[in-house]
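Input: a single structure, listed below in structure tokens.
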Amino acid sequence: MTVLVLGGAGYIGSHAVDQLINQEYQVAVIDNLLTGHQEAIHSKARFYQGDIRDKEFVRSVFAQESIEGVIHFAASSIVGESVEDPLKYFNNNVSGTEIVLEVMHEFEVKSIVFSSTAATYGEPEDNPITEMTPTNPKNPYGESKLMMEKMMRWCDEAYGIKFVALRYFNVAGAKTDASIGEDHHPETHLIPIILEVALGQRDQLAIFGDDYNTEDGTCVRDYVHIEDLIDAHILAFEYLKAGNPSNIFNLGSNSGYSVKQMLEAAREVTGKEIPAEVAPRRAGDPSTLVAASDKAQKVLGWQPQYTDVKKIIETAWNWHANRPNGYQE
Ligand code: UD1
């Protein structure tokens with residue numbers, strides 16, 4: 001039996017494929033390679049290049065493989081772009097998922113684990129955020145992920161397709177041996193941008209606002225290591241396989257770090273100066289987002305290993321320093 005990974009050439013998907021294969025799962029990958037990198041896909045995975053919005057293509061993969069469940073990472077995920085072009089997000093993320101669910105229903109595949117996001121919560125007043133915190137997305141990206149969650153809930157009720165939605169906080173780092181890592185074009189995320197400055201590829205970090213209501217005035221986020229994050233996906237996959245009900249879990253570390261703290265940590269890890277300057281706020285950034293992830297620990301038995309943010313940055317640094325041009329070499 002095969003695990004089908006959608007978006008398996010992307011940053012998070014490629015780490016999932018790698019870990020699944022290392023744990024002896026049979027893996028098939030669908031990716032349209034619009035943002036993913038073929039080189040990032042483990043050579044033992046069977047790769048089908050195509051788009052999840054192409055129903056005949058998705059059907060052909062389900063017909064060739066004996067699929068026991070789906071892990072779904074295939075989505076557009078840039079918040080700013082989603083505000084400028086919301087229909088791209090509703091098309092790729094929501095319509096794409098709808099097609100996947102249609103084909104799953106047709107082929108009687110009954111479990112799906114999928115990447116949701118802290119952006120479904122919007123800007124909650126209280127932190128840490130639990131799964132009971134009301135959802136109130138503030139951008140089309142978060143809205144599209146919440147729509148995907150809702151669609152799955154109704155498919156569970158009607159067709160018995162069980163889902164686990166994993167609401168990620170800030171995913172960071174790379175595989176410990178630095179063989180795969182994060183490579184986005186354009187890059188918008190804090191840690192890779194800081195490391196690009198450390199490598200001299202950018203002049204300085206722009207700190208987006210230092211007048212937030214936080215200890216040092218910069219935004220606070222909860223960083224979770226990519227390998228810990230993937231562990232939770234595999235646990236969720238096994239949880240569904242064991243016949244458990246659909247569920248939603250936050251994935252974070254329960255502790256928040258400000259932009260300035262992350263910058264300091266990166267200076268220590270890299271030994272580089274990393275120039276930075278305060279810039280205006282970025283539209284739509286909530287001041288603080290910290291997860292309560294006790295539920296994933298209790299129900300799934302998730303035990304994140306990377307509790308020190310410097311260790312997370314170190315794995316990202318090993319990757320970026322090794323592959324300064326990412327997969328383009
Ligand atoms: C956002 C989404 C998250 C999504 C992720 C994927 C929200 C609230 N969060 O995370 O759900 O999964 O994108 O793309 O919508 N920063 C700087 N300078 C920079 C870059 C970032 O100061 O050059 C700051 C940001 O203001 C933010 C923090 O660093 O406070 C982290 O930013 P980033 O890495 O882009 O992630 P989020 O926006 O938190």
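Values below: every heavy atom of this structure, side chains too, minus hydrogens, waters and symmetry copies. Order of listing sets the numbers, starting from 1, for every ligand and every atom in it.
In this structure, His15 has its ring center under 6.0 Å from that of Tyr11.
Closer than 4.0 angstrom to ligand 1 by heavy atom are Ser77, Val79, Thr117, Ala119, Asn139, Tyr141, Asn170, Thr188, His189, Leu190, Ile193, Leu205, Ala206, Ile207, Phe208, Cys219, Arg221, Tyr223, Val259, Arg282, Asp285, Pro286, Leu289, sorted by chain and number.
Using modelled atom types and a 3.5 Å distance limit, the side chains of Asn127 and Thr288 yield no donor-acceptor pair.
Seen from the ring of Tyr306, Lys311 does not count as a face-on cation partner, given the 6.0 Å and 45° thresholds.
One distance of note links CD of Glu264 with CD1 of Ile313; it measures 10.5 Å at 0.5 Å rounding.
The two residues Tyr168 and Ser115 have their closest heavy-atom pair at OH-CB, 2.7 Å.
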Pair Asp203-Val197, side-chain contact (heavy atoms from CB on, under 4.5 Å): steps then yes or no: CA-CA 6 Å; Asp203 294 339; Val197 179; over 6 Å; no
